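Shown next, in structure tokens, is the structure this report addresses.
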Protein chains: 2
Amino acid sequence: MKNRLKLLRAERDWSQGELATRLGISRQSVNAIETGKYDPSLPLAFRIADLFALQIEDIFLRDEEGAGE
Amino acid sequence: MKNRLKLLRAERDWSQGELATRLGISRQSVNAIETGKYDPSLPLAFRIADLFALQIEDIFLRDEEGAGE
DNA sequence: ACATAATGTCAAGTTTCATTGACATAGACG
DNA sequence: CGTCTATGTCAATGAAACTTGACATTATGT
């Protein structure tokens, strides 16, 4: 399960700590999700999608998805 | 976090056990998710969405979503 | 060189998700 | 009635997500 978190965060010029605050989670959790240590829970995925005003499917990608282009 | 799992399952005339098999999880997990005991993980939510050929947002709803109509 | 901010990572702990196995209930069918 | 299927629920366990606290690394700026 890949994700575009780091990219979306960079577009807004937010640090991991800033994003963590906006999501109500720890900086380490943001880092762990960005670096692929684990996937967020579904409720957190919704909060992330809401924050960026995107669909969950536009942020989190099934493995292999987007690799074949 | 509400969901339309029970409805989607009924449309296809599947038992909880049948759905569990198709998702590769236990019958109790399907029941727990349907009855709101907990939310699925993000990867499982993707498998569910794939199975029904829907978006995650079309199956799982933020609390209060769809309540005000 | 020094200080600061940002990131990556580790350990140890709690909470949430998911498992198996078991048992109770309700409905349909002989 | 007995039996089979589906569902709901409990306990106990394990795995995954998330926490705080700490420390190392990298980059930026003075």
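Computed from a prediction, not measured in an experiment: that's the story for all the values here. We name chains A, B, ... by the order of the sequence lines, and we start the count at 1 in each one.
- A donor-acceptor pair under 3.5 Å links the side-chain atoms of Glu57(B) to the main chain of Ile56(A), judged by distance alone.
- A donor-acceptor contact shorter than 3.5 Å is absent between the side chain of Ser29(A) and the backbone of Ile25(A).
- Atom OG of residue Ser41(A) and atom CZ of residue Phe46(A) lie 10.5 Å apart, to the nearest 0.5 angstrom.
- Proximity of residues 6-18 of chain B to DNA chain D (heavy atom under 4.0 angstrom from any strand atom) is restricted to Lys6(B), Arg9(B), Ser15(B), Gln16(B).
- Looking at every heavy atom in both residues, Asp63(A) comes nearest to Lys2(A) through OD1-N, 3.6 Å.
- Residue contacts for Ser41(B): at a heavy-atom cut-off of 4.0 Å it reaches the sugar-phosphate backbone alone, with no base atom in range.
- With Arg22(A) contributing its side chain and Leu51(A) its backbone, the two residues share no donor-acceptor pair below 3.5 Å.
- In this structure, the side chain of Arg27(A) does not engage the main chain of Ala20(A) through any donor-acceptor pair within 3.5 Å.
- For the pair Asn3(A) (side chain) and Ile33(A) (backbone), a donor-acceptor distance under 3.5 Å is present.
- Rounding to the nearest 0.5 Å places NZ of Lys6(B) at 7.5 Å from CD of Gln16(B).
- Note on residues 11-30 of chain A: pairs passing ring-ring contact (aromatic ring centres under 6.0 Å, His included), not counting sequence neighbours, are Trp14(A)-Phe52(A).
- What separates CE of Met1(A) from C1' of dC17(C) is a distance of 17 Å, to the nearest Å.
- Each end of the helix from dA1(C)-dT30(D) to dG30(C)-dC1(D) gets its own axis, taken as the rotation carrying the C1' atoms of four end pairs onto the next four within a five-pair window, and the two axes meet at 30° to the nearest 10 degrees.
- Summarising the geometry, the separation between CD1 on Ile25(B) and C1' on dA15(D) is reported as 15 Å, rounded to the nearest angstrom.
- Scanning all heavy atoms of the two residues, the minimum distance from Leu19(A) to Glu34(A) falls at CD2-OE2, 4.5 Å.
- Of the residues in residues 31-39 of chain A, those placing a heavy atom less than 4.0 Å from an atom of DNA chain C are Asn31(A), Lys37(A), in numerical order.
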Study note, to complete from the structure: Letter by letter from the 5' end, nucleotides 21-30 of chain D scores (B base, S sugar-phosphate only, - none; protein heavy atoms under 4.0 Å) BB--------
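- In this structure, the CG atom of Leu5(A) is 17 Å from the P atom of dA6(C), given to the nearest Å.
- Of all the residues in residues 53-60 of chain A, not one reaches under 4.0 Å from DNA chain D with any non-hydrogen atom.
- For the atom pair Arg62(B) CZ and Met1(B) CE, the distance stands at 6.5 Å (nearest 0.5 Å).
- A donor-acceptor pair under 3.5 Å links the side-chain atoms of Arg4(A) to the main chain of Asp58(A), judged by distance alone.
- The heavy-atom pair separating Gln55(B) from Ala49(B) by the smallest distance is C-CB, 4.2 Å.
- When every heavy atom of Pro40(B) is checked against every heavy atom of Leu42(A), the shortest pair comes out as O-CB, 3.4 Å.
- Straight-line distance from the CZ atom of Arg47(B) to the P atom of dA16(D): 12 Å, rounded to whole Å.
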Practice item. Show the numbers, then the answer: is there a side-chain contact (heavy atoms from CB on, under 4.5 Å) between Arg47(A) and Asp50(A)? Key: CA-CA 5 Å; Arg47(A) 273 185 277 153; Asp50(A) 287 348; 5.5 Å; no
